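Report on the structure given below.
These numbers come from a predicted model, not from an experiment.
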Amino acid sequence: MHWLSSLVGLLALLLCGGCEALYQSYTFTEPLQTTLPLQVAGDEVWVTSIPVGADVYIQPYTPEQVPSHATDPAAAHGKTPVRFTLPPGSYWLELALDAEVFENYFSPPYDDAQFEQDGAASEALIFRPFSPGEKRRVLRYYRLEKQAQQGQTLIALFHPRGTALERVAALYPPGEQYRFAPNELLELLQRVQVPRNVQDPFLALLTRGGKAFWSVRDEYAVALELRPEVVEGHIIALYTGTPLPDPLIPDGGGFH
């Protein structure tokens, strides 16, 4: 099992290292009252994924160390959507999904599977059983800074790279589950130059899953995630020399 953890960690390191020359991320938050499927408070954390059903593992965050699959049984926290308590601190949230979920998007053996940059810190793009007899799975890792007495949420998005909104909609839960002020959010999409014909499908996915991603060719991408009182956004320049929409973000993020 040790060799597998090392392999996953090495692969994630190589992939993230390869992104430094191509991706530059700009982040922002937009105050906007939203309603999630539930309320979280105190030391509660609510984690879900698109699609749902991902295994959730929690492990301490270690600076300058790429996360790898958590083999400690105590790290397992159930399947998304899941709610649990977590002491204040820095953590890696690992989410794992069975490969069969993506059979309509990738061809076995899934070795070329890639997902959009929605804010995940790293991922393992090789589908391999954790142990003999288990299904192949894909891993994504998210950084969580748990604040004291502050309920927090995380939505992990498994959006196959280059897939149109209309097609990836099949991964989302049916029906509206999130509420927000549509006019305010529409203004935000216009400000970051999401085309008019994309705005309505984008908002529809936000009401169903609370998170959505859109990209334009090899120029830039927009990812929005709903939280209880703010919309968290990521603007990603796919090539660092590409001009971004103006006006955009007052402060630019670093490479990731």
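Residues Ala212 and Leu206 come closest through the heavy atom pair N-CD2, 3.7 Å. Heavy atoms only, all atoms of each residue included: Pro31 and Glu184 are closest at O-OE1, 4.3 Å. In this structure, Ala169 and Leu205 approach most closely via the heavy-atom pair CB-CD2, 3.8 Å. Smallest separation of non-hydrogen atoms from Pro201 and Leu165: CB-CD1, 4.3 Å. Heavy-atom minimum distance, Ile50 versus Gly209: CD1-O, 3.6 Å. Heavy-atom minimum distance, Thr48 versus Pro81: OG1-CB, 3.6 Å.
In this structure, OG1 in Thr71 is found 9.0 Å from CD in Gln59, a value given to the nearest 0.5 Å. To the nearest 0.5 Å, atoms CD (Gln193) and CZ (Arg196) are separated by 12.5 Å. Interatomic distance, CG of Leu32 versus CD of Glu187, reported as 10.0 Å (0.5 Å rounding). Once rounded to the nearest 0.5 Å, the distance linking CG of Leu157 with OG of Ser49 reads 9.5 Å.
Residues satisfying the salt bridge (charged side-chain N to carboxylate O under 4.0 Å, His left out) test with Arg83, not counting sequence neighbours, are Glu44. In this structure, Glu103 has no salt bridge (charged side-chain N to carboxylate O under 4.0 Å, His left out) partners at least two apart in sequence or on a different chain. In this view, Pro88 and Asp43, Ala148 satisfy the side chain to side chain contact (heavy atoms under 4.5 Å, CB included) rule, not counting sequence neighbours. Take Gln177 and apply the side chain to side chain contact (heavy atoms under 4.5 Å, CB included) test, not counting sequence neighbours, and it matches Pro37, Pro173. Residues that satisfy the salt bridge (charged side-chain N to carboxylate O under 4.0 Å, His left out) test with Arg208, not counting sequence neighbours, are absent from this structure. For Arg167, there are no salt bridge (charged side-chain N to carboxylate O under 4.0 Å, His left out) partners two or more places apart in sequence or in a different chain.
Panel note: side chain Asp72, backbone Ala74; a donor-acceptor pair is recorded below 3.5 Å. Checking side-chain atoms of Glu94 against main-chain N and O of Ala76 turns up no donor-acceptor pair under 3.5 Å. A distance-only check finds no donor-acceptor pair linking the side chain of Thr80 to the backbone of Val82 [under 3.5 Å]. Judged by distance alone, with hydrogens and angles left aside, the side-chain atoms of Lys211 form a donor-acceptor pair with the main-chain N or O of Ile155 at under 3.5 Å. With hydrogens and angles disregarded, no donor-acceptor distance shorter than 3.5 Å links the side chain of Glu232 to the backbone of Phe28. With hydrogens and angles disregarded, no donor-acceptor distance shorter than 3.5 Å links the side chain of Arg179 to the backbone of Leu36.
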Open item on the list: Is there a side chain to side chain contact (heavy atoms under 4.5 Å, CB included) between Gln190 and Gln199? Walk through the geometry before answering.
Closed with: CA-CA 8 Å; Gln190 293 170 348; Gln199 292 169 12; 3.5 Å; yes
Open item on the list: Using the rule given for side chain to side chain contact (heavy atoms under 4.5 Å, CB included), can you reason through Tyr178 versus Thr34, listing the C-alpha separation, both sets of side-chain angles and the distance that settles it, and then say yes or no?
Closed with: CA-CA 7 Å; Tyr178 298 77; Thr34 63; over 6 Å; no
TODO: Apply side chain to side chain contact (heavy atoms under 4.5 Å, CB included) to Leu189 and Leu224, showing your working.
DONE: CA-CA 9 Å; Leu189 294 181; Leu224 297 185; 3.6 Å; yes
Open item on the list: Using side chain to side chain contact (heavy atoms under 4.5 Å, CB included), reason through Val231 and Glu225 one step at a time and then give a plain yes or no.
Closed with: CA-CA 6 Å; Val231 174; Glu225 178 174 346; over 6 Å; no
Task: Verdict with reasoning, Glu229 to Arg227, per salt bridge (Lys or Arg N to Asp or Glu O under 4.0 Å) - done: CA-CA 6 Å; Glu229 296 183 354; Arg227 298 189 183 276; over 6 Å; no
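Side chains of Thr85 and Val45 form no contact here, defined as non-hydrogen atoms less than 4.5 Å apart. Gln117 places a side-chain heavy atom less than 4.5 Å from the side chain of Arg161. Residues Val47 and Leu95 are in side-chain contact: their nearest non-hydrogen atoms beyond the backbone lie under 4.5 Å apart. For the pair Leu86/Gln152, no side-chain contact is recorded, criterion being any heavy-atom separation below 4.5 Å from C-beta on. A 4.5 Å side-chain heavy-atom check between Phe180 and Leu226 finds at least one atom pair inside the cut-off. Under the 4.5 Å side-chain criterion, counting only non-hydrogen atoms from C-beta, Glu116 is in contact with Ser215. Counting only heavy atoms from C-beta outward, the side chains of Phe84 and Ile58 approach each other to under 4.5 Å. Between Asp55 and Arg137 there is a side-chain heavy-atom pair separated by less than 4.5 Å.
Checked against the 6.0 Å centroid criterion, the rings of Phe202 and Trp214 do not qualify as a close aromatic pair. Here Tyr105 and Phe115 keep their ring centres 6.0 angstrom or further from each other. Ring pair His77/Tyr57: centre-to-centre distance not below 6.0 Å. The ring of Phe213 has its center closer than 6.0 angstrom to the ring center of His159.
Using a 4.5 Å cut-off between side-chain heavy atoms of Ile, Leu, Val, Met, Phe, Trp and Tyr, with links allowed through other members, Phe106 and Phe158 fall into the same hydrophobic cluster. Side-chain heavy atoms closer than 4.5 Å link hydrophobic residues (I, L, V, M, F, W, Y) into clusters, and following such links, even through other members, never connects Val52 to Leu139. With hydrophobic clusters built from ILVMFWY side chains whose heavy atoms lie under 4.5 angstrom apart, Tyr142 does not share a cluster with Val230.
Put simply, the residue from Tyr91, Trp92, Tyr61 that forms a side-chain contact (heavy atoms from CB on, under 4.5 Å) with Pro67 is Trp92.
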